[in-house]
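Written below as structure tokens is the structure these notes are about.
Labels below follow one simple rule: chain letters A, B, ... track the order of the sequence lines, proteins then strands, and each chain is numbered from 1. Predicted, not measured: the structure shown is a model, and the values here were computed from it. Computed from heavy atoms alone, side chains included, the values below leave out hydrogens, waters and symmetry copies.
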Amino acid sequence: MTIAYSGDSITFPDNSVQNTAPKVGMVNRIINGAMVIDQRNAGASVTISSTAADTYSLDRWCAYGNVTSKFSVQQNAGSVTPPAGFRNYIGVTSLAATSVGASDQYYVAQYIEGFNTADLMFGSASAATVTLSFWVRSSLTGTFGGAVNNSAVNRSYPFSYTISAANTWEQKTVSITGDTTGTWLTTNGVGLRVHFGLGVGSTISGTAGAWAGSPFISATGATSVVGTSGATFYITGVQLEKGSTATSFDYRPYGTELLLAQRYYVKLTDSSGASNALGLVQIEGTTTANFVMPIAMRAAPSGTSSGLTISDGSVTPTVTSLSNFGNFVNGVGVLLTASGGGLTIGRAGRIRIAGSTTAYLDFSSEL
Amino acid sequence: MYKLLPTNEFGKTTTVQRTTGNVFIPFDPANTDFQEYQKWLALGNQPLPADAP
């Protein structure tokens, strides 16, 4: 058995040829790049209505608009056939013909945790080149834009790409020389931001293909998706990897991808109405319970709920509020307060996500 | 608007509620909802007091 090498190529006994070192580990720093996981909305459309903060849609993907209700985001919006090898995409639909002011911003984005970008060595002389690749399809053609930024958004790399044909999937690749300056977090904060512009004003758009010390989130002159009512912008197969070439998409097992996403968001549902957790009635009308997460969350999570009840064996009041009473490595202690009281101190409290498709308990530690 | 939630069993307030959406927010500097709350406080706002136990 011989292994031959010639120039930059290695030929193995089965005649396969390896031209570059194989990548191992977390090749793709983007989580849910194939848009498979949508815990929050299960494929339902979300109109981006918050102007105070990002709104999360598909897992790990957020969206923002300066003016409320100008676009919607939905897994597989429009029900077009995804590119070969993919079953899902994130779909943006413009809901109006919106004029974009100089400082306005409409985008979809993913913020990558610093622990997952630390080895890129951004902010040092050893900063690695990274490559962003993705499949995109739009009802519009022309030059589109986006940007890679640090946590503080005072280091920006605007990029542009061309969509040549309307309503046709095209794969795009952008190589980005690592930033040797600026502050890049390597903690559980934001390590790196990836923005895809949908309409970004001139004062926050910059020259494509160069690092700048300004808060640019798109490239100058990029097409505005929100500028055309009914315009669509679909994207999938998003991959950000170390190196100067785009490799094939890093398909991870579904369970792995879901766990990666659940570090940032966990949604518990149960339309059957089965018992979901047991707690203890320590104070009349309340129950304390520990919820163990599938994976240690990025930070102590916020939480919301709908349709929860507590039963102590005698009464079954509805939960009216939650509060965090403590955090442990992979879970959170929650104090659930129920309406009407009646829960008996010292009894166990059986917590149910009460038999409804809209009932849930969720925890979020998004970036 | 925000509202403080009752103290825990150790007598500490560890959570604030964003009344829009009924979101409970832990006092964790790494939590982005808590960061938004801190910005809101910095503007001179004050949360509603917790309900009496």
Worksheet item: With distance as the sole test, does T15(B) use its side chain to make a donor-acceptor pair with the main-chain N or O of N324(A) at under 3.5 Å?
Response: yes

Applying a strict 4.5 Å limit to non-hydrogen atoms, the region of T337(A) in contact with chain B is neither

Turns out that what part of Y264(A) lies under 4.5 Å from chain B's heavy atoms comes down to neither

Assert top hit (heavy-atom pairs under 4.5 Å, partner chain B, pool L322(A), T320(A), V334(A)) equals L322(A)

Against chain B, residues from residues 294-305 of chain A with at least one heavy atom under 4.5 Å, in numeric order, are R298(A), A299(A), A300(A), P301(A), S302(A), G303(A), T304(A)

### Task
Indicate yes or no: at least one non-hydrogen side-chain atom of S323(A) is less than 4.5 angstrom from one of Q17(B).
no

In this structure, CG of N31(B) is separated from OG of S364(A) (nearest 0.5 Å) by 7.5 Å

